[in-house]
Amino acid sequence: MATNSEQDVLNSGTTPYSANGRQDSESPLASVPMAPKDPMFGLSAAFRADTDPKKVDLGVGAYRDDNAKPWVLSVVKKADEILRQTPDLNHEYLPIAGLNEYLAASQQLVFGKDSQILHNHRVATMQTISGTGALHLGARFLSKFFPESDAKRVHVSSPPYVNHLPILHDACLETAFYPYYTPTTKSLDCDALLATLHAIPEHSIVLLHACAHNPTGVDPTQSQWRQIASVMRERQHLPFFDSAYQGFASGDLDADAWAIRHFVSLDFPALLVAQSYAKNFGLYGERTGCLHVVAQDADLAARIKSQMEKLQRVNISTPPAYGARIASTVLSSPALFSEWQEDLRTMSGRIVEMRRALRALLEKGKGEEGKWKHLTEQTGMFCYTGLDPEQVRVLREKWHVYLTGDGRVSVSGLNWGNVRYVAEAFGAVEGMGKADKARM
Ligand SMILES: Cc1ncc(COP(=O)(O)O)c(C=O)c1O
């Protein structure tokens, strides 16, 4: 039933907004500005709209097979079949923290089956909306509970993964860059990185890519990781790992978790890992991930988990079930697990093969051995080619080859049907002077 003042408004035919000086028909949301399009999704849309049969999508952030098609892992098909044949499966809500067996299996995957911190119940784990949700939950948690000080700032790599800053800022965290990539050598600027980690305030938060750095494809070597970890331990920084490519980078799940496990072995008092199953299971749209927070002891881990459950409850209430069921079916079966490892080797192996092929074609017969060595030295799905925005424009407009403006190539967009054409296109724009580029 309407109250008196609501009834007055209904009778008079006006809205409460007219009292604030707005026109009767004006929406309270009238001043909402148009947001810029997401650059990645915009690139995909431009590719789809291109009708040229030779077009090549090197922007896509998802694995493609040798026919440029999405690939459903054979082990995922099997797990799906098992779930379909499970008569008592229902669509009830999962617990707020997620599917129990999935949480336990995900912890083991990241930290190792025999990990002492798991044995001592020092890890608080939440199922999340893929890696993005894990980053966001971690950021919200830090925003709320990390003590206020000049160290309360998240340091991200330069260049960063495209969504890191927006996620952190959305959680009201301040950010700063640490040097990471040098364009001159197309590799890691380890000295500058170490110097920055020394210089920033003690107890700072440092966001690190566990493997297959996106966008550069440049990872520290194990010896460089040791140096990074040692400075961070000495300065008591908080490591926040983004692990979006475990097993997908090298084909070896343990090798791709090496950096995280090395940091854990140094017994940092707190450490976060945002884990995604999008790439390594091909479960992109199922939004399957975890956030792990390593605490000093089991009691603190339990308190941290209770607070993360509160954050989860107001944000998504409970996580989605399907992807977690697929992943845990595979992770808990030795036979399916080894089949998954085979699938990982198929994906990472094809990417390595395409890196080699493109490099060989670009260097062939030019007497420029090593000029494109960064193609094979970098790792994972992405490669920073060194091509500039103008060259990228020409590649798109003249050759119908699509990559992001920073020259990042998604290697999985290459296949035996298009790699020669892409090499020809890269070779053509590589040789262009400024004047040529302007004419194109
Ligand atoms: C470095 C990095 N972090 C996080 C993500 C988030 O992935 P998702 O939310 O699909 O798991 C991605 C996806 O491309 C990524 O490359």
Side-chain angles (χ1 to χ4, degrees), residues 38-44 57-64 70 73 76 98 102 106 109-110 126-140 154-171 175 177-178 180-181 206-220 239-249 256-257 259-260 272-292 315-316 319-320 322-324 326-327 347-348 351 378-384 403-404 406 408-413:
D38 183 278
M40 287 313 305
F41 286 82
L43 190 68
S44 302
D57 185 2
L58 300 182
V60 62
Y63 181 75
R64 294 289 177 260
L73 275 64
V76 168
Y102 165 83
S106 299
L109 194 70
V110 172
M126 299 288 294
Q127 186 183 326
T128 57
I129 306 287
S130 211
T132 306
L135 288 164
H136 198 253
L137 180 62
R140 292 255 289 123
V154 186
H155 297 260
V156 301
S157 66
S158 172
Y161 163 55
V162 66
N163 218 9
H164 275 163
L165 294 185
I167 290 170
L168 296 165
H169 293 163
D170 190 63
T175 54
F177 286 115
Y178 57 80
Y180 190 79
Y181 174 82
V206 182
L207 185 50
L208 300 158
H209 297 229
C211 64
H213 183 272
N214 179 2
T216 66
V218 171
D219 282 351
F240 186 171
F241 278 100
D242 181 353
S243 179
Y245 298 93
Q246 188 183 353
F248 189 93
D256 291 348
I260 295 176
L272 276 69
V273 182
Q275 177 187 19
S276 168
Y277 287 113
K279 321 280 163 158
N280 55 11
F281 266 116
L283 287 172
Y284 305 93
E286 304 307 335
R287 315 309 291 140
T288 313
C290 278
L291 174 70
H292 309 275
N315 200 17
I316 60 166
Y322 178 74
I326 292 279
M347 293 190 286
S348 59
I351 286 176
Q378 296 173 4
T379 178
M381 182 130 80
F382 299 110
C383 172
Y384 238 31
L403 50 151
T404 50
D406 55 1
R408 188 197 75 169
V409 156
S410 175
V411 183
S412 101

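Numbering of ligands and ligand atoms starts at 1, following listing order. Quick note: numbers below take in every heavy atom, side chains included, and nothing from hydrogens, waters or symmetry partners. We're numbering straight along the sequence, starting at 1.
- Closest of all the heavy-atom pairs between Gln275 and Leu109 is NE2-CD2, 3.8 Å.
- The closest side-chain heavy-atom distance from Val273 to Leu291 is not below 4.5 Å.
- Less than 6.0 angstrom separates the ring centroid of Tyr180 from the ring centroid of His213.
- In terms of protein heavy atoms, atom 14 (O) of ligand 1 is closest to Lys279 NZ, 2.9 Å.
- When only non-hydrogen protein atoms are considered, atom 5 (C) of ligand 1 lies nearest to Tyr161 OH, 3.5 Å.
- Numbered from 1 in the order shown, with element, the atoms of ligand 1 that lie under 4.0 Å from a heavy atom of Gly131 read 8 (P), 9 (O), 11 (O).
- Between Val411 and Cys383, some side-chain heavy-atom pair lies under the 4.5 Å cut-off.
- Centroid-to-centroid, the aromatic rings of His164 and His169 stay 6.0 Å apart or farther.
- At the top of the distance list for atom 7 (O) of ligand 1, counting protein heavy atoms only, stands Thr132 OG1, 4.0 Å.
- Nearest protein heavy-atom contact of atom 10 (O) of ligand 1 is Arg287 NH1, 3.0 Å.
- By the 3.5 Å distance cut-off applied to N or O atoms, His164 is not counted among the residues near ligand 1.
- Both tests do not hold together for Arg408 against Tyr384: distance to the six-membered ring centre under 6.0 Å, angle to the ring axis within 45°.
- Residue contacts with ligand 1 for Tyr245 involve side-chain atoms from C-beta outward but no N, CA, C or O (heavy atoms, distance under 4.0 Å).
- Considering backbone and side-chain atoms alike, Ile129 places every N or O at 3.5 Å or more from each N or O of ligand 1.
- Regarding atom 8 (P) of ligand 1, its nearest protein heavy-atom neighbour is Ser130 OG, 3.3 Å.
- Proximity of the aromatic rings of Tyr277 and Tyr102 is defined here by a centroid distance below 6.0 angstrom, and this criterion is met.
- Here the heavy atom of the protein found nearest to atom 1 (C) of ligand 1 is Asp242 OD2, 3.4 Å.
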